[in-house]
Amino acid sequence: MSDLVPTAPEQPTGEMETQIKSPDAHPDAPPDYNSHFVAGPSGPAVPPPAGYPGGLPMGYYGPQLPSAFPLYQPTGSIHPIQYQPGKYPGPSQLVPVAWMPRPSPMANCPLGLEYLIQLDNIHVLQHFEPIEQMTNFETNNRYDIKNSADQMVYIVNEDTDDFTRNAYRTLRPFVLRVIDFMGREIMTMQRPFRCTCCCFCCPSARQELEVQCPPGATIGFVAEHWNLCRAVYSIQNEKKENVLRVRGPCSTYGCGSDSVFEVQSLDGVSSIGSIIRKWNGLLSNMGDADHFDIHFPLDLDVKMKAMIFGACFLIDFMYFERSPPQRSSR
């Protein structure tokens, strides 16, 4: 009996190359690795979110921003994102985030604003960025939006290029993207550049914020009004017709106290709500870690709630955004 060891049958050279090389290889692709891995059948497709047959409506998408979380959709079910934006947990590290339960779609309500219908107050919490204090490099702002039960409602990410942020600092034009727990951009806020070198009473020098929901569909504007003593804004609809006004304090730099911006009717008689910048002690002076409380009536029109929400960010950039200190060239 001969001592023969059975071996695998030799394969033609062409078949081996077929298993190793990808059929769609192109010059720009990375080099293939020699492997005997054989791809299996593709898995089941992820179903669209419940309540939106045929996929998401036009204008809603989940942009993969550098500071945003990746869109994670488990197969066969819908689960909220379980970690903070920009903080990716390791294999043995879990960072659970409690999200507000998703309400069902409602008639005459822009998709994504259903959360605001159920709320009469929200908290805007800005992320503290230590790199700004260490390097004097202005980074994109990030905010967590929570309800009174400390549940996450939205995440807001600034989308501005490095040159614009560091050249114009607090006067920079910006785009803020409001993202829900499904990773969809449900609202966009845009601030154009305004020249401040001319007279303050000149309309071209007044700050303005446009709010779009869904992105691309304007629902209103927040416009600054010149005032000698205090911050004054008007909240306008999509036709730039004044609906509400915001009246700030005489001084927004009070140490040890909150800064209250009152939301009033146009005649100033009725108080509708408020935007309160909370005093955070040393954090308020050390860097950008602002905390705002926004209050409005539960039965207020949901678009006006979104406009008051947008006014909070224009106020933050104009009065409470602190640029990192500039180092002397000497």
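FYI, side chains are in, hydrogens and waters are out, and symmetry mates aren't considered; it's all heavy atoms of this structure.
- Defined by atom type and a distance below 3.5 Å, a donor-acceptor pair is present between the side-chain atoms of Q236 and N242.
- Using modelled atom types and a 3.5 Å distance limit, the side chains of Q126 and R142 yield no donor-acceptor pair.
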Test R277 against D258 for salt bridge (charged side-chain N to carboxylate O under 4.0 Å, His left out), laying out the working first. CA-CA 6 Å; R277 191 259 189 172; D258 298 341; over 6 Å; no

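- Between the side chains of Y143 and D316, at least one donor N or O lies within less than 3.5 Å of an accepting N or O.
- In this structure the side chain of L176 never reaches within 4.5 angstrom of the side chain of D159, judged on heavy atoms.
- Under the 4.5 Å side-chain heavy-atom criterion for ILVMFWY residues, no single connected hydrophobic cluster contains both F221 and M187.
- Not counting sequence neighbours, E238 has no partner by the side chain to side chain contact (heavy atoms under 4.5 Å, CB included) test.
- Minimum interatomic distance between P173 and P192 (heavy atoms only, all atoms of both residues): CB-C, 3.9 Å.
- At a cut-off of 3.5 Å, with distance as the only test, a side-chain donor of Q264 or R245 sits close to an acceptor on the other residue.
- In this structure the side chain of V153 reaches within 4.5 angstrom of the side chain of L119, judged on heavy atoms.
- Taken together through direct or relayed side-chain contacts under 4.5 Å among Ile, Leu, Val, Met, Phe, Trp and Tyr, I235 and V232 form parts of separate hydrophobic clusters.
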Residue pair M318, E224: steps toward the side chain to side chain contact (heavy atoms under 4.5 Å, CB included) verdict: CA-CA 10 Å; M318 290 187 61; E224 179 192 19; 3.4 Å; yes

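- In this structure, OH on Y115 lies 12.0 Å from CE on M152, to the nearest 0.5 angstrom.
- In this structure, F163 stands alone, with no Ile, Leu, Val, Met, Phe, Trp or Tyr side-chain heavy atom under 4.5 Å from its own, directly or through other members.
- Y154 places a side-chain N or O within 3.5 Å of a backbone atom of G112 that can act as its donor or acceptor partner.
- Residues satisfying the side-chain hydrogen bond (donor to acceptor under 3.5 Å, both in side chains) test with S274, not counting sequence neighbours, are none.
- Rounding to the nearest 0.5 angstrom, the gap separating the SG atom in C109 from the CD1 atom in I117 is 3.5 Å.
- Inspection of the H127 and D144 side chains reveals an N or O donor paired with an N or O acceptor under 3.5 Å.
- Of the inter-residue distances, the one linking D290 atom CG with K278 atom NZ reads 13.0 Å to the nearest 0.5 angstrom.
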Give the C-alpha distance, both sets of side-chain angles, the deciding distance and a yes or no for side chain to side chain contact (heavy atoms under 4.5 Å, CB included) between E114 and S104. CA-CA 7 Å; E114 301 93 348; S104 58; over 6 Å; no

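- If you chain together hydrophobic residues whose side chains sit under 4.5 Å apart, F261 and L125 never meet in one group.
- Using a 4.5 Å cut-off on side-chain heavy atoms (C-beta onward), K146 and I122 make no contact.
- Judged by distance alone, with hydrogens and angles left aside, the side-chain atoms of R230 form a donor-acceptor pair with the main-chain N or O of G248 at under 3.5 Å.
- The distance from the CG atom of L171 to the CZ atom of F317 is 11.5 Å, given to the nearest 0.5 Å.
- Of the possible polar contacts, none joining the T160 side chain to the R165 backbone as a donor-acceptor pair under 3.5 Å is found.
- Distance check: D180 CG to I145 CD1 gives 13.0 Å after rounding to the nearest 0.5 Å.
- Taking 4.5 Å as the limit, every side-chain heavy atom of I315 sits out of range of all side-chain heavy atoms of C312.
- V175 and I186 fall into different hydrophobic clusters, where Ile, Leu, Val, Met, Phe, Trp and Tyr are joined by side-chain heavy atoms under 4.5 Å apart, directly or via other members.
- Using a 4.5 Å heavy-atom cutoff, the side chains of V124 and I294 are in contact.
- Using bins of under 30°, 30° to 60° and over 60° for the plane-to-plane angle, the ring pair H123/H291 lands in the tilted bin.
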Start with the C-alpha distance between F320 and S259, add both sets of side-chain angles, then the distance that settles side chain to side chain contact (heavy atoms under 4.5 Å, CB included), and finish with yes or no. CA-CA 10 Å; F320 305 108; S259 298; 3.9 Å; yes

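- Scored by the ring-ring contact (aromatic ring centres under 6.0 Å, His included) test, F309 finds F313 as partners (sequence neighbours excluded).
- At least one side-chain heavy atom of P297 sits less than 4.5 Å from a side-chain heavy atom of I272.
- Under the 3.5 Å distance criterion, the side-chain polar atoms of K305 are matched with a main-chain donor or acceptor of L298.
- Between V260 and E262, some side-chain heavy-atom pair lies under the 4.5 Å cut-off.
- Taking NE2 from H295 and CG from D120, the interatomic distance works out to 8.5 Å, rounded to the nearest 0.5 Å.
- Hydrophobic clustering places M106 together with L113 (ILVMFWY residues linked when any side-chain heavy atoms are closer than 4.5 Å, directly or through intermediates).
- Taking the ring-ring contact (aromatic ring centres under 6.0 Å, His included) definition, one finds that Y233 meets it with nothing, sequence neighbours left out.
- Annotation for G310 and V211: closest pair CA-CG2, 4.5 Å, computed over non-hydrogen atoms.
- Using a 4.0 Å cut-off between charged nitrogen and carboxylate oxygen, R191 and E158 do not count as a salt-bridge pair.
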Side-chain donor/acceptor pairs under 3.5 Å, residues 212-220, sequence neighbours excluded:
from: Q212; atom 1: OE1; to: G216; atom 2: N; distance (Å): 2.8
from: Q212; atom 1: NE2; to: E210; atom 2: OE2; distance (Å): 3.2
from: T218; atom 1: OG1; to: E210; atom 2: OE2; distance (Å): 2.5

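- I275 places a side-chain heavy atom less than 4.5 Å from the side chain of F292.
- Minimum heavy-atom separation, P101 to Q151: CD-OE1, 3.8 Å.
- Counting heavy atoms of neighbouring residues, nucleotides and ligands inside a 6.0 Å radius, atom CG of N108 does not exceed 12 of them.
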Please assess M307 against N237 for the test side chain to side chain contact (heavy atoms under 4.5 Å, CB included), listing each intermediate value before the final yes or no. CA-CA 9 Å; M307 294 306 304; N237 58 17; over 6 Å; no

